[in-house]
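Take a look at the structure below.
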Amino acid sequence: VVVLLYICFSKYATLKLGADDEEPEFSRLSWFSMLFAAGVGVGLFFYGVAEPMWHYNNYGTPRWNEMNDNERAQHSLMVTYFHWGFHGWIPYTTIGALLGLVSFRRGYPCTIRSCFAPLVSDKILRGPVGDAVDVVSICCTLFGVCTSLGLGVQQLNKAIVRLDKGTYAGVNVRDEGRLDITYSTRSQIAIIWVVTALATISVVSGLGAGIKFLSNLTFIMGCFLLFFVLFAGDTVFILNAICSSFGYYLWYLVKIAFHTDAFEMLDELDTDGSAAGAPDGRGGSASWMAGWTIFYWGWWISWAPFVGTFIAKISRGRTLREFILGTLIIPTMYCVMWFGVFGAEGLRLDRQAEAFGLDCGDGGTFSKVQSTRMQGLTKAKHNQAYKVRLWCLGTEDILFDTLSTYGSRTLMYATSTITALCLLFYFVTSSDSGSLVIDSMAANGDENPPILQRVFWAFTEGAAATALLSNGKERALRALQSVSIVCGLPYTFVLCYMCLALLLVCKEECGELSVYRNQFRTSLLAFPDYLFKNGIGGGIVAFVANSAAPFLAMRRIMTKIAAIKNEPVNSAPFVGGTALWIASVVFLALCPIEANLRMLSATCYVTFCCLVAMCRFLGRDAVECHHGGLITDYIAALFMFPLVLAHLEVELDDGVIIPMDVSDVKEIEKLVGDKSAVEMVKEEAKSEKADNKA
């Protein structure tokens, strides 16, 4: 949030995702409709009424279950805003802004690997490492979309069954239904393949036709439902609830963003097998965070490669400020409005039914149906057809029974049909935009890949969702949630580097940093280039020696740094590294005697890696390498210190890095079409070379 807001209100905000004179391809309405349809879609309908009500009724035993009813109601809306607000849209906006800059201003392919262009060399991006990034992104997108397909198909299946049986106020007009459709895994799989066929037609027709049309239509229909509930329900109450809960969200935002349920996680088993919990027996459950916030974290991040790439494609020609406002601020406000309207109204109906005496037991979940006809010209007999205890219903029924309370059975058919169509269209737009992005990634950023390839990826999404539902059966939702978390985990770390890359590319585009500033001659990840420089045998020996006795390499490195800088040798990294490495090995060998010696070993190791990072940092300074930083050095040392040491030795042997020669600009001309930009690079290269000679 901090990085994006800083960019939005700084001098970088006027940078365009494309050439400076380029105009947006889509209108603002179509642009917002498409990014919103791709970014959330089905989830709004599945969780719109249900999530605030679950939080209010302490589902999963959250940490606020000791509040009074009114406090819990407000808190439940705030937590829902947190799950669907700023923090959810951050991954989309970060990837979209970064990808738009490097792709549309520098000519890199519109794939996730290009996001690392400010951090690593082009050789790495074009090699196996870049391929691996795109493969992980494709898998992340595939299973992230499958999670939404799994959620959406359950509710769409329920909508069709309810319409077929004429379900109203808990009673079916037809027990069997005219179409004899059941709520089952088989029906849901059939729906998935119908949607897959529609999505295939849409993705084949292209971005500006099928996807744009469906997104506009679905967004308008969703807004219609939103305003219907706002005006059919208790309008004054809803507006007051949104106002107070949104202010509560802003006031509580920092606190809840950093809250990790640390003490709730101490809810472990005692020696007698009972739950330990808090000493006073109050507070929340350890399972709540995993079932809600962690699930959302994985779900949003697993969608980040897909939605980030998609919104970059549709945002070409827009400034960074407009992009950030349109993909972070405005969507958050729309989600607040949506969950405020549906969530507040759901809470009102549920509390009203509870006060009326309705419950999940023998008392009944639904009240008697009352007439909602007009009584004269200005007054209705009843504004609400019946009362319902929403808490007692299945998740897929909650939204439909909320809408049904506002009128007769005839109105129920109308609102349920519109809702079912919204689900279907959002279902299709999520699937077709996901297929379009996966297809583009698999084709190395090609904007118009072969039609057969588009069909293949659309059907692959359907097959993956089918497999998850078939194998999960009654545990399908849990299986889909697990897939989201697994896919989102690696991108949590990747997003941190993308924030750094976004800041760097903004500085480069504004002229604060040179795009072609000095960097190491070889990349750390391209280990064959430096490890086997003196032959395969020599490389293997060096790797083994660095793994067994890394402090010897540290001694050589510090000696070379001293020679380059004409200074006395700094022996501190060598002496400290020797002591820490030996201690780490000894403690690890003795851990069978005392278990926690392995923790001492790990402590010595991570401290040892700090000294390796220091060597790399000093080495970069010695050869005047202006790429990278101490944090990056430490992460590299932590996971692959033998390669870090081998790479640094080779770089120091070659001495100070010579700035780019003017002749190298021919390579730049392949990527940069603007002649004035090429001339600027030539002058900059001449100046850097002159400064180096001086």
Side-chain angles (χ1 to χ4, degrees), residues 17 24-46 48 84 88-89 92-93 95-96 99-100 110 141 144-145 148-149 151-153 155-156 194-227 300 303-318 322-323 325-335 337-338 418-440 447-448 454 457-458 461:
L17 306 185
E25 179 181 357
F26 302 102
S27 67
R28 283 193 173 94
L29 176 61
S30 295
W31 175 58
F32 183 76
S33 298
M34 285 191 286
L35 76 88
F36 203 80
V40 285
V42 172
L44 293 181
F45 292 85
F46 192 83
W84 292 86
W89 290 87
Y92 300 171
T93 306
I95 293 179
L99 194 57
C110 196
T141 299
V145 171
S148 282
L149 297 185
L151 294 175
V153 75
Q155 196 163 29
L156 185 55
V194 171
V195 169
T196 299
L198 294 174
T200 303
I201 296 172
S202 176
V203 77
V204 167
S205 65
L207 183 61
I211 296 176
K212 175 185 173 181
F213 172 75
L214 280 177
S215 298
N216 287 339
L217 176 62
T218 310
F219 182 72
I220 292 172
M221 291 175 66
C223 288
F224 173 81
L225 279 178
L226 176 70
F227 286 110
W300 284 98
W303 270 52
F306 147 46
V307 180
T309 304
F310 181 76
I311 62 177
K313 285 178 177 290
I314 64 175
S315 302
R316 186 165 187 163
R318 300 191 184 276
E322 185 180 10
F323 179 82
L325 290 175
T327 61
L328 179 63
I329 308 298
I330 297 176
T332 296
M333 298 305 299
Y334 188 84
C335 285
M337 185 70 178
W338 182 278
I418 294 172
T419 304
L421 289 174
C422 283
L423 284 168
L424 175 65
F425 293 151
Y426 267 127
F427 206 169
V428 173
T429 53
S430 294
S431 181
D432 60 14
S433 52
S435 301
L436 180 71
V437 169
I438 292 176
D439 190 27
S440 178
E447 295 292 332
N448 295 296
R454 300 184 190 184
W457 284 112
E461 280 184 7

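Computed from heavy atoms alone, side chains included, the values below leave out hydrogens, waters and symmetry copies. Note that the structure is a prediction, hence the values are computed from the model and not measured. We number each residue from 1, following the sequence as shown.
- Taking the side chain as every heavy atom from C-beta outward, L424 and L198 approach each other to under 4.5 Å.
- The two residues G308 and I95 make their nearest non-hydrogen contact at CA-CG2, 3.9 Å.
- Considering CG of L44 and CG of L225, their distance stands at 11.5 Å, rounded to 0.5 Å.
- With sequence neighbours excluded, the residues forming a side-chain contact (heavy atoms from CB on, under 4.5 Å) with L217 are F213, M221, F425, listed by chain and number.
- Every residue two or more places apart in sequence or in another chain was checked for a ring-ring contact (aromatic ring centres under 6.0 Å, His included) with F427, and none qualifies.
- Within the 4.5 Å cutoff, side-chain heavy atoms of F32 are placed close to those of Y334.
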Next item on the list: List the steps and the verdict of side chain to side chain contact (heavy atoms under 4.5 Å, CB included) for I438 and F306.
Entry: CA-CA 7 Å; I438 292 176; F306 147 46; over 6 Å; no
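- The two residues S435 and A458 make their nearest non-hydrogen contact at OG-CA, 3.3 Å.
- Q155 meets the side chain to side chain donor-acceptor pair (under 3.5 Å) test with no other residue; sequence neighbours excluded.
- Residues W300 and Y92 have side chains in contact (heavy-atom distance under 4.5 Å, counting atoms from C-beta outward).
- Atom CD of E461 is separated from atom OG1 of T200 by 9.0 Å, given to the nearest 0.5 angstrom.
- Here CG of D439 is found 8.5 Å from CH2 of W457. Values are rounded to the nearest 0.5 Å.
- For A199, the side-chain contact (heavy atoms from CB on, under 4.5 Å) partners are V428, S431, D432, not counting sequence neighbours.
- When all heavy atoms of T93 and F323 are compared, the closest pair comes out as O-CE2, 3.4 Å.
- Once rounded to the nearest 0.5 Å, the distance linking CD1 of I201 with OG1 of T196 reads 11.5 Å.
- Rounding to the nearest 0.5 Å places CG of L17 at 9.5 Å from CD of E322.
- Residues T218 and C422 come closest through the heavy atom pair CG2-O, 3.8 Å.
- No side-chain heavy atom of F26 sits under 4.5 Å from any side-chain heavy atom of L35.
- C223 SG to M337 CE: the interatomic distance, rounded to the nearest 0.5 Å, is 9.5 Å.
- Partners of W31 according to the side chain to side chain donor-acceptor pair (under 3.5 Å) rule, which considers only residues two or more places apart in sequence or in another chain, are S315.
- Two residues are said to be in side-chain contact when any heavy atoms from C-beta on lie closer than 4.5 Å; C335 and W89 meet this criterion.
- Across all their heavy atoms, V437 and P305 have their closest contact at CG1-O, 4.2 Å.
- Screening I220, I314, T429, L29 for a side-chain contact (heavy atoms from CB on, under 4.5 Å) with S215, the sole residue that qualifies is T429.
- Under the rule for a side-chain contact (heavy atoms from CB on, under 4.5 Å), the partners of S440 that lie at least two apart in sequence or sit in another chain are K313.
- Residues C110 and T309 meet the side-chain proximity criterion, which asks for heavy atoms closer than 4.5 Å.
- The aromatic rings of F219 and F36 sit perpendicular, their planes meeting at an angle over 60°, well past the 30° parallel limit.
- In terms of heavy-atom proximity, G222 sits nearest to W338 at O-CZ3, 3.4 Å.
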